Amino acid sequence: MSAPRIVITGLGGICALGTDVLSIWSGMREGRQAIGPITITALHELKARIGAEIKELPDHGFDHRRLVTMDRFSLLAAIASREALSQSGFAVDSTNTGRIGAVVGTGVCGWEAIEESYRGILLEGKPRTGIFTVPRAMPGAAAGQVSMTMGLRGPVFGVTSACSSSNHAIIAAADQLRLGRADVMLAGGTDAPLIYGILKGWEALRVLAPETCRPFSADRQGLVLGEGAGMAVLETLEHAQARGATILAELAGGGMTADASDIVAPTVDGPVNAMQACLAEAGLTAQDVDYINAHGTGTKANDKIETQAIRRVFGAHADKLSVSSTKSMHAHCLGASGALELIACVKAIRESVVPPTAGYRVADPDCDLDVTPNTARERDVRVALSNGFAFGGTNAVIAVKAME
């Protein structure tokens with residue numbers, strides 16, 4: 001018996017490019033870099049003072065009693081989830097609430113609550129932390145808050161695997177559907193890392209760019225951190241068709257591997273194996289793929305190794321691929337990156353447009369793919385891959401294809 005086909009019927013997103021999917025995609029198509037000076041958090045003596053921040057949250061309408069239990073990363077996930085559910089046309093009620101769940105990835109956790117606690121106790125002499133510090137900070141909080149705000153009583157859990165978290169969450173949610181544990185799943189990721197303590201840690205790694213993010217460009221100087229969330233509504237094809245849903249694309253397959261090598265330095269083999277596993281599960285050949293939304297962080301090592309991995313998997317077809325890194329525009333949103341990049345893949349398929357790699361200036365012989373520099377390109381995209389390669393050597397790749 002063949003496994004059920006999984007389809008995408010709703011998308012939601014929020015990041016520095018915009019507070020909904022329409023504005024995010026518009027920014028991607030324009031090649032707009034939403035990277036600039038950080039203004040929403042105290043930076044103290046930090047050297048890294050740029051990021052991709054959400055300047056103003058939309059009017060979300062969540063009750064104040066709910067908000068005091070939420071850290072920013074959870075709120076962003078809830079906002080994106082509501083948009084995704086609205087687009088899907090699926091109404092949660094007492095008859096179906098037990099058959100819809102959520103898997104939400106995050107690369108960090110509720111660091112806003114942690115930093116408030118540290119500063120209050122160590123610098124201001126407060127005798128105790130806020131009562132909701134633990135439920136705000138725990139990595140699984142975003143999944144729980146999505147469940148509570150949307151009324152979901154099916155399988156709900158968090159996933160944390162650094163920058164691969166979104167893709168792992170999406171694959172895990174699809175598994176719940178294939179196993180029959182749910183009829184509908186919300187899946188994606190969220191992160192809000194523009195906090196002093198997090199930025200200070202990344203600064204120590206010496207991988208943050210001083211000006212902007214220029215993936216695959218020879219003059220790239222590193223990554224830039226951003227905040228955001230992306231969520232998708234997944235369901236089996238049979239369920240979507242039965243309720244007359246508009247199907248945006250098919251989630252064709254996923255591949256997950258580990259480098260088992262180094263906590264920060266990537267390998268070529270791990271990403272190669274993940275892309276190959278993804279293609280195998282999706283029943284696709286290398287020649288079927290039109291577009292790859294690259295992990296493309298803008299560091300010297302990542303972009304070179306990802307190029308090598310793509311060439312090894314795709315061979316001569318690599319020269320026919322369109323590749324781009326939308327992190328050049330929304331920055332690296334850690335656990336949210338893969339979900340925001342899923343938006344790019346689905347929209348590329350539906351509108352036959354490949355979003356660009358913004359900020360590209362100088363060709364690098366070590367990154368000799370067609371990286372769609374600076375300007376979006378019209379192209380018929382039937383199959384798109386989204387690459388997620390993380391610290392810890394955890395890799396997750398998903399394949400999305402047009403409905404046939």
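All heavy atoms count here, side chains included; hydrogens, waters and symmetry mates do not. Because the structure is a prediction, the values reported are computed rather than measured.
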Walk me through whether Asp288 and Lys401 qualify under side chain to side chain contact (heavy atoms under 4.5 Å, CB included). CA-CA 10 Å; Asp288 292 325; Lys401 70 178 183 179; over 6 Å; no

One pair to check against side chain to side chain contact (heavy atoms under 4.5 Å, CB included): Arg99 and Val184. What are the steps and the verdict? CA-CA 7 Å; Arg99 298 293 298 170; Val184 178; over 6 Å; no

Take Phe314 and Val323, measure what side chain to side chain contact (heavy atoms under 4.5 Å, CB included) needs, and give me the verdict at the end. CA-CA 12 Å; Phe314 291 91; Val323 178; over 6 Å; no

Go through Leu208 and Leu223 one step at a time and tell me if the side chain to side chain contact (heavy atoms under 4.5 Å, CB included) criterion holds. CA-CA 5 Å; Leu208 294 181; Leu223 60 85; 3.4 Å; yes

Please lay out, stage by stage, how Arg181 and Asp175 fare under the test salt bridge (Lys or Arg N to Asp or Glu O under 4.0 Å). CA-CA 9 Å; Arg181 291 176 178 150; Asp175 288 344; over 6 Å; no

Could you walk me through whether Ser74 and Asp71 pass the side chain to side chain donor-acceptor pair (under 3.5 Å) check? CA-CA 6 Å; Ser74 293; Asp71 212 72; over 6 Å; no

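Counting heavy atoms from C-beta outward, Tyr118 and Thr129 have side chains that stay 4.5 Å or more apart. Contact check for His60 versus Arg82: side-chain heavy atoms found under the 4.5 Å cut-off. Ser325 places a side-chain heavy atom less than 4.5 Å from the side chain of Phe216. Contact annotation: the side chain of Asp290 never approaches that of Asp380 to less than 4.5 Å [non-hydrogen atoms, C-beta and beyond]. At a threshold of 4.5 Å between non-hydrogen side-chain atoms, the residues Leu251 and Ile398 count as touching. Contact annotation: the side chain of Ile100 approaches that of Leu85 to within less than 4.5 Å [non-hydrogen atoms, C-beta and beyond]. In this structure, His330 and Ile24 have side chains that are not in contact, with every pair of non-hydrogen atoms separated by 4.5 Å or more. Using a 4.5 Å heavy-atom threshold, the side chains of Gln145 and Phe62 count as separate.
Of the possible donor and acceptor atoms, none in the side chain of Gln221 sits under 3.5 Å from a partner among the backbone N and O of Glu211. Panel note: side chain Glu250, backbone Arg5; no donor-acceptor pair is recorded below 3.5 Å. Proximity of a side-chain donor or acceptor of Ser147 to a complementary backbone N or O of Ala143 within less than 3.5 Å is not detected. Listed for the Ser166 side chain is a donor-acceptor partner under 3.5 Å among the backbone atoms of Gly335. In terms of modelled atom types and a separation under 3.5 Å, the side chain of Thr357 and the main chain of Pro215 share no donor-acceptor contact. Listed for the Glu306 side chain is a donor-acceptor partner under 3.5 Å among the backbone atoms of Gly296. Panel note: side chain Asn387, backbone Ile292; no donor-acceptor pair is recorded below 3.5 Å. A distance-only check finds no donor-acceptor pair linking the side chain of Thr307 to the backbone of Cys367 [under 3.5 Å]. Side-chain N or O atoms of Ser26 include none that pairs as donor or acceptor with a backbone N or O of Leu22 at under 3.5 Å. With Thr97 contributing its side chain and Ser94 its backbone, the two residues share no donor-acceptor pair below 3.5 Å.
A pairwise comparison of heavy atoms in Ala396 and Asn167 identifies O-ND2, 2.9 Å as the closest pair. Of all heavy-atom pairs spanning Trp25 and Val353, the tightest one is CH2-O, 3.7 Å. Contact detail for Leu186 and Leu152: the closest heavy-atom pair is CD1-CD1, 3.7 Å. Of all the heavy atoms in Thr285 and Leu279, the pair that sits closest is O-CD2, 4.2 Å. Here the closest heavy-atom approach between residue Ala339 and residue Met231 is recorded as CB-N, 4.5 Å. Residues Pro37 and Glu53 approach most closely at O-OE2, 3.6 Å, considering heavy atoms.
In this structure, Arg382 does not pair ionically with Glu404, as no charged nitrogen and carboxylate oxygen lie closer than 4.0 Å. Residues Arg220 and Asp364 are paired through a salt bridge, judged by an N-O separation under 4.0 Å between the basic side chain and the carboxylate. Between Asp319 and Arg311, at least one side-chain nitrogen of the basic residue sits less than 4.0 Å from a carboxylate oxygen of the acidic one, meeting the salt-bridge criterion. Under the 4.0 Å criterion applied to side-chain N and carboxylate O atoms, Asp366 and Lys300 are not assigned as salt-bridge partners.
For the residue pair Asp269 / Thr267, no side-chain donor-acceptor distance below 3.5 Å is found, with atom types taken as modelled. A donor-acceptor contact closer than 3.5 angstrom links the side chains of Ser23 and Asp20. For the residue pair Asn395/Thr257, the side-chain donor-acceptor check at 3.5 Å is satisfied. Residues Asp191 and Thr106 have side chains that bring a donor and an acceptor to within less than 3.5 angstrom of each other. In this structure, a donor-acceptor pair under 3.5 Å is present between the side chains of Ser117 and Thr133.
Summarising the local packing, NZ of Lys47 is surrounded by 12 or fewer heavy atoms from other residues, nucleotides or ligands at distances under 6.0 Å. Heavy-atom neighbours of Glu124 CD from other residues, nucleotides or ligands within 6.0 Å: above the threshold of 12. Counting heavy atoms of neighbouring residues, nucleotides and ligands inside a 6.0 Å radius, atom CD1 of Ile131 does not exceed 12 of them. The number of heavy-atom neighbours closer than 6.0 Å to CD of Gln287, taken from other residues, nucleotides and ligands shown, is above 12. Within a 6.0 Å sphere centred on CE of Met150, other residues, nucleotides and ligands contribute more than 12 heavy atoms.
Between atom OG of residue Ser322 and atom CZ of residue Arg379 there is a gap of 4.0 Å, rounded to the nearest 0.5 Å. Put simply, OG on Ser165 and CD1 on Ile170 are 11.0 Å apart, with the number rounded to the nearest 0.5 Å. Summarising the geometry, atom CD belonging to Glu235 is positioned 10.0 Å from atom CD belonging to Gln241; distances are rounded to the nearest 0.5 Å. Here the CG atom belonging to Asn96 is positioned 7.5 Å from the NE2 atom belonging to His239, to the nearest 0.5 angstrom. Rounded to the nearest 0.5 angstrom, Leu199 CG and Leu194 CG are separated by 6.0 Å. With rounding to the nearest 0.5 angstrom, the OH atom of Tyr291 is 7.0 Å from the OG1 atom of Thr372.
The aromatic rings of His295 and His332 sit perpendicular, their planes meeting at an angle over 60°, well past the 30° parallel limit.
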